[in-house]
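Taking it in order: structure first as structure tokens, then the write-up.
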Number of protein chains: 2
Amino acid sequence: MAGQAVTKAQPRFQPAAPDTAFICNHLNVSRQSFSHWLNEVVTADKQPVADVLNALRGQQIYGPKRPANGVFIINEGAIRLFRMMADGRRAIIRSLFPGDLLWVGSNDLQAFEAEAVIDSHLSWFAGDIINKLMHEAPQIRAFLLDHITEDLRCLQNQLVTLGRKLAVERVAFFLTMLAARQCQRGMPIDPVLLPMSRSEIADFLGLTTETVSRSFSQLKAMGNISAQDQGAVHIHDVERLASLADGL
Amino acid sequence: MAGQAVTKAQPRFQPAAPDTAFICNHLNVSRQSFSHWLNEVVTADKQPVADVLNALRGQQIYGPKRPANGVFIINEGAIRLFRMMADGRRAIIRSLFPGDLLWVGSNDLQAFEAEAVIDSHLSWFAGDIINKLMHEAPQIRAFLLDHITEDLRCLQNQLVTLGRKLAVERVAFFLTMLAARQCQRGMPIDPVLLPMSRSEIADFLGLTTETVSRSFSQLKAMGNISAQDQGAVHIHDVERLASLADGL
DNA sequence: CGTTACGTTGAAGCCAGTCAACCTGGGTGG
DNA sequence: CCACCCAGGTTGACTGGCTTCAACGTAACG
């Protein structure tokens, strides 16, 4: 189940910075398509700048054993960022969906691991390429910075949730967030898809599977959500669920 | 107690980007002095690029009412980033000390407030100035990016702490972190200074003042720390405290 | 010397964790 | 095809760690 090496379409994980000549037309594109556009960037001799990676369900994408410096873009699938404590406690730091970015710092080896929740497809941009892109294309720099500050805000929301919210509020927050991200990606909001198990949700919200399950039931009983199967949920009133998540 | 307007030494909170001509010599300086060095950056006509702000204890520095886009640098004092929930629950997201940076995103109004824990002194760099700096001085860009990824890692640590750790482990984590930051800033490690009250620590760790107090007592009883007065703590064995924080 | 804010300690209550039983659906093999 | 297994989800009963409520101690300040 847990990760072997990832299948790599092209074998250059950390190549020397190519002489990039960018297609810097039509840059006023929306957020999620910008990620997609980045994948089209090529060098002067028409070589793609990004490394393409395919990761099967459960495979490790990044870990302490593999220090690096650069940015992943998630094209398809779902990625989880997590950290294990010595005694087996797991904390899921973030879930990444198509269009999301994953920064991997250079300083010291990172304190988290990343693996595929479902079969996924990603691109890797090495640090020096990112540097070059940020230097030569201000729009890309702005995009990357926007994204990283968005990540910060997201983590701040999670901190408030883990620090001060009750179980039901946490689950309500989780569903609201999933719904928001889903429509941010241009998908319909009605069936909110849960591409992860209860124990993943639990480790994400700082709860146990049982408590997550109970909170789901409670939300159903209160008439906030209903579920056909256990991988999809229908939210009756998004506003109401959101204010429930904020303790109102 | 809670914030009036901050005293501003120079009255341009969001000025037009000046024609910056930078002193880009001697850039191989260490982390904390780099922040200090940034304050020395001037425009072509010798005007300082940064806005200087003084904030008294308890004054608000940034809030939802004051949307902006740029970077604060903390020169002196201590700043807390926090979020209030509607019913009064408070979550402290981060404490900032001299040398730390505070990014304020542009997209939508931020979901946190910042205020001075003790009398503080900061610099403000508006978004367009930051942009210009990042474009013209790659070292500054690298420094800023390093700092923001460091922030991310820090928030990730907090998430693990709030999500999966017991009360004593949280306090141990807190003290370890303070100690680390203190020696990162070139200060002696021996008396770890606590420039905040128990209720601040509580809101930072997702606990109550009582539980924080009990955990301190427990750490004393276990022989991990000792305290002369309640604003300074002596850690007997930093390694041991750190591993305690990791649940070992 | 009283007041006030903050910290500590104790006792009781509650929310979420733990343990366990049961259910369901999907895969396997007889 | 059905019996069987197994992993994941739900629900119930009990436990435990943190919160809540409350009393007391202590230091700063007028």
Side-chain angles (χ1 to χ4, degrees), chain A residues 1-2 57-58 80 85 87-92 117-118 161-175 193-222 225-233 244 247, chain B residues 1-2 57-58 80 85 87-92 117-118 161-175 193-222 225-233 244 247:
Chain A
M1 201 190 206
R57 174 191 150 90
R80 80 176 137 240
M85 289 178 66
D87 58 354
R89 280 177 277 180
R90 183 177 69 166
I92 292 182
V117 182
I118 52 179
T161 299
L162 295 196
R164 285 286 173 239
K165 286 185 191 171
L166 300 175
V168 205
E169 294 169 345
R170 298 190 198 199
V171 174
F173 162 80
F174 176 69
L175 290 174
L193 302 174
L194 311 170
M196 66 274 285
S197 69
R198 298 297 142 124
S199 88
E200 280 216 52
I201 301 175
D203 287 344
F204 181 76
L205 296 175
L207 299 170
T208 58
T209 55
E210 293 94 331
T211 306
V212 171
S213 187
R214 274 185 252 272
S215 301
F216 267 102
S217 306
Q218 200 175 331
L219 287 173
K220 280 174 203 160
M222 292 190 301
I225 62 170
S226 53
Q228 35 276 42
D229 61 80
Q230 66 204 12
V233 167
L244 206 166
Chain B
M1 200 192 208
R57 174 191 151 92
R80 78 176 139 240
M85 289 178 65
D87 58 355
R89 280 176 278 181
R90 183 178 69 166
I92 292 183
V117 182
I118 52 180
T161 299
L162 295 195
R164 284 285 174 242
K165 286 185 191 169
L166 300 174
V168 206
E169 295 169 345
R170 297 190 199 199
V171 174
F173 162 80
F174 177 69
L175 290 174
L193 302 174
L194 311 170
M196 66 273 286
S197 69
R198 298 296 141 125
S199 88
E200 280 216 53
I201 301 175
D203 287 344
F204 181 77
L205 295 175
L207 300 170
T208 57
T209 56
E210 293 93 331
T211 307
V212 171
S213 185
R214 276 185 250 272
S215 301
F216 266 102
S217 306
Q218 200 174 331
L219 286 174
K220 280 175 203 159
M222 293 190 300
I225 62 170
S226 52
Q228 35 275 43
D229 60 81
Q230 65 205 14
V233 167
L244 207 165

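This one's a predicted model, so the numbers in the text were calculated from it and none came from an experiment.
Judged by atom type and distance alone, B:R214 reaches the base of C:dG10 through a side-chain donor-acceptor pair under 3.5 Å.
Looking at every heavy atom in both residues, B:R89 comes nearest to A:L166 through NH1-N, 4.1 Å. Across all non-hydrogen atoms, the minimal contact from A:A227 to A:A232 is CB-O, 3.7 Å. What you find for B:R170 and B:L162 is that their closest heavy atoms are NH2-O, 3.4 Å. In terms of heavy atoms, A:I92 sits closest to A:R80 at CD1-CD, 4.1 Å.
Comparing D:dC18, C:dA16, C:dT9 by their nearest atom to the side chain of A:L166 picks out C:dA16.
Atom-to-atom, CD of B:Q218 to P of D:dG17 comes out at 10 Å; the value is rounded to the nearest Å. Whole-Å rounding puts the B:K165 NZ to C:dA16 C1' distance at 20 Å. Atom CZ in B:R164 sits roughly 13 Å away from atom P in D:dC18 (whole-Å rounding). We find that CZ of A:R170 is positioned 8 Å from P of C:dG17, with the value rounded to whole Å. We find that CD of A:E200 is positioned 17 Å from P of D:dA7, with the value rounded to whole Å. Atoms CE (A:M196) and C1' (D:dA7) sit 19 Å apart, rounded to a whole Å. At whole-Å resolution of the value, CZ in B:R90 and P in D:dT19 are 15 Å apart. Atom CD of B:E210 and atom C1' of C:dA11 are 13 Å apart (whole Å).
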**Q.** A:F174 and A:L194: CA distance, side-chain angles, deciding distance, side chain to side chain contact (heavy atoms under 4.5 Å, CB included) verdict
**A.** CA-CA 10 Å; A:F174 176 69; A:L194 311 170; 4.2 Å; yes
Q: May I have the step-by-step check of side chain to side chain contact (heavy atoms under 4.5 Å, CB included) for A:M222 and A:L219, ending in yes or no?
A: CA-CA 5 Å; A:M222 292 190 301; A:L219 287 173; 3.6 Å; yes
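Within 4.0 Å (heavy atoms only), B:S197 reaches sugar-phosphate atoms of the nucleic acid but no base atom.
Between B:I118 atom CD1 and B:M196 atom CE the span is 9.0 Å, to the nearest 0.5 Å.
Within the 4.0 Å cut-off from OP1 or OP2 of C:dA16, not a single side-chain nitrogen or oxygen of A:T211 is found.
Within residues 201-209 of chain A, the residues having any heavy atom closer than 4.0 Å to DNA chain C are, in order of number, A:G206, A:L207, A:T208.
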